[in-house]
Chemist: 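Pasting a structure here, questions to come.
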Amino acid sequence: MRHADLSGQVAIVTGATSGIGRGIALELAAAGARVVVNGRPGEASERRGAEVVQAIADAGGQAVAAPADISREDDVERLFRVATDRFQGLDLLVNNAGIEQPAAIQDMTLDQWRGVIDVNLTGQFLCARAATRAFLARPAPAPDGPARGNIIFISSVHEVIPWAFQANYAASKGGVSMLMRSLAQELAPMKIRVNAVAPGAIRTPINAPAWNTPESMASLLALIPYGRIGEPRDVARAVAWLASNDADYVTGATLFIDGGMTLYPGFRGAG
Ligand code: BGC
């Protein structure tokens with residue numbers, strides 16, 4: 001299979017120890033990037049992170065594990081130092097880490113609200129700020145040269161589709177959409193590209209109950225006109241393209257990778 005060309009690039013992928021983030025880390029490494037594999041601190045997550053790093057090395061790529069809680073300012077500073085210390089620079093941030101804490105609004109605790117906003121929105125802000133500082137520390141590129149740096153937010157179809165019982169999650173992703181577009185507007189003159197990829201239902205641990213029985217898969221497929229669940233590589237390939245110079249004129253864009261979930265499939269022949 002042909003990969004995008006990311007040779008020479010250094011990338012940080014947050015939440016890269018499982019699911020979509022893991023798929024992105026593997027794809028970027030296959031495309032030639034050196035990858036900082038971030039996951040939350042803790043035994044299970046660190047073991048999964050080490051496995052991702054090993055898988056990349058086995059395939060002939062380069063990666064390093066960097067556990068950090070991206071909702072904490074000091075952890076984020078440490079995470080970004082790994083890229084400069086180990087790989088002498090940074091070209092790409094993939095702001096992927098995200099969590100869900102579903103609850104009916106009348107029962108949602110402040111901890112459930114804050115927990116999701118802290119990781120999905122504040123964490124993305126902290127990492128985007130750190131990446132911007134790293135990009136601005138390098139010499140300005142020629143106006144007709146490639147970008148000085150790239151930030152890719154992993155959002156969700158729920159930046160536009162309301163989500164009952166996941167108000168905290170949908171609110172965080174709506175926030176990510178405006179954060180991404182505001183930064184794209186702010187940073188384009190500095191030749192920093194900022195984009196988002198918004199996945200629909202992708203087969204990962206976060207949404208296993210939505211696909212791991214025939215009944216739940218059938219109700220999920222009713223929401224996906226293209227007729228199949230997505231796989232992490234569907235998202236990862238889009239990220240690799242957006243990160244490459246082939247997408248040099250793309251900034252402020254959101255690419256929905258959702259098999260048509262945002263096309264309101266319930267309206268087909270109805271309404
Ligand atoms: C969520 C998944 C969900 C998908 C489609 C994603 O953002 O993390 O749990 O299956 O949106 O609803």
Side-chain angles (χ1 to χ4, degrees), residues 13-25 38-40 45 48 70-71 94-105 108 112-125 127 152-181 195-239 242 253-268:
V13 183
T14 66
T17 57
S18 71
I20 291 174
R22 176 180 183 278
I24 292 170
N38 161 257
R40 73 181 86 172
S45 166
R48 287 194 302 267
I70 56 141
S71 69
V94 184
N95 239 339
N96 167 77
I99 60 170
E100 293 180 10
Q101 299 235 357
I105 192 66
M108 189 178 283
Q112 286 174 316
W113 172 266
R114 281 201 180 127
V116 170
I117 298 292
D118 280 359
V119 174
N120 296 15
L121 186 55
T122 307
Q124 295 216 9
F125 151 69
C127 291
I152 299 174
F153 288 86
I154 305 302
S155 178
S156 163
V157 290
H158 297 296
E159 71 166 54
V160 293
I161 302 178
W163 208 11
F165 311 106
Q166 299 247 25
N168 46 0
Y169 183 89
S172 75
K173 296 301 186 178
V176 164
S177 169
M178 280 311 276
L179 176 61
M180 182 281 285
R181 287 187 289 156
N195 292 287
V197 167
I202 309 298
R203 194 195 309 267
T204 71
I206 207 174
N207 60 357
W211 52 262
N212 66 5
T213 68
E215 296 73 31
S216 62
M217 182 63 107
S219 38
L220 181 65
L221 290 181
L223 301 174
I224 308 174
Y226 201 58
R228 70 166 173 89
I229 191 170
E231 304 294 341
R233 67 171 173 274
D234 290 311
V235 180
R237 286 175 191 160
V239 169
L242 269 177
T254 299
L255 195 47
F256 286 87
I257 310 286
D258 68 350
M261 196 177 234
T262 39
L263 298 174
Y264 296 95
F267 274 81
R268 196 160 184 265

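All residue numbers refer to positions in the sequence shown, counting from 1. No hydrogens, no waters, no symmetry mates; every other heavy atom, side chains included, goes into these values. Counting starts at 1 for both ligands and their atoms, in listed order.
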Chemist: Does Y169 reach ligand 1 with a nitrogen or oxygen that is under 3.5 Å from one of the ligand's nitrogen or oxygen atoms?
Modeler: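 Indeed, backbone or side chain, Y169 has an N or O that close.
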Chemist: Identify the protein heavy atom lying closest to atom 4 (C) of ligand 1, giving its residue, its atom name and the separation to 0.1 Å.
Modeler: G200 O, 3.6 Å
Chemist: To the nearest 0.1 Å, how far is atom 3 (C) of ligand 1 from its closest protein heavy atom, and which atom is that?
Modeler: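 Sorting protein heavy atoms by distance from atom 3 (C) of ligand 1 puts W163 CH2, 3.8 Å first.
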Chemist: Counting only N and O atoms by type, is there a donor-acceptor contact under 3.5 Å from the side chain of T122 to the main-chain atoms of V119?
Modeler: no
Chemist: Give the minimum heavy-atom separation between S156 and K173, together with the two atoms involved.
Modeler: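 Between these two residues, the closest heavy atoms are CB-CG, 3.8 Å.
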Chemist: For atom CZ of R40, is the number of surrounding heavy atoms from other residues, nucleotides or ligands below 6.0 Å larger than 12?
Modeler: no
Chemist: If the cut-off is 4.0 Å to any non-hydrogen atom of S156, which atoms of ligand 1 fall inside it?
Modeler: 6 (C), 7 (O), 11 (O)
Chemist: Let me know which of I24, V239, N95 forms a side-chain contact (heavy atoms from CB on, under 4.5 Å) with I152.
Modeler: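 Filter result, single survivor: V239.
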Chemist: May I ask you to identify the nearest protein heavy atom to atom 11 (O) of ligand 1, giving residue, atom name and distance to one decimal place in Å?
Modeler: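 The answer is H158 CD2, 3.3 Å.
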Chemist: Distance check, rounded to the nearest 0.5 Å: Q166 atom CD versus M108 atom CE?
Modeler: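 Result: 7.5 Å between the selected atoms.
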Chemist: Can you tell me the protein heavy atom closest to atom 10 (O) of ligand 1 and the distance?
Modeler: N207 ND2, 3.2 Å
Chemist: Under 30°, 30 to 60°, or over 60°: which ring-plane class applies to H158 and W163, parallel, tilted or perpendicular?
Modeler: parallel
Chemist: Counting heavy atoms only, which of E100, R203, Q166 comes nearest to atom 2 (C) of ligand 1?
Modeler: E100
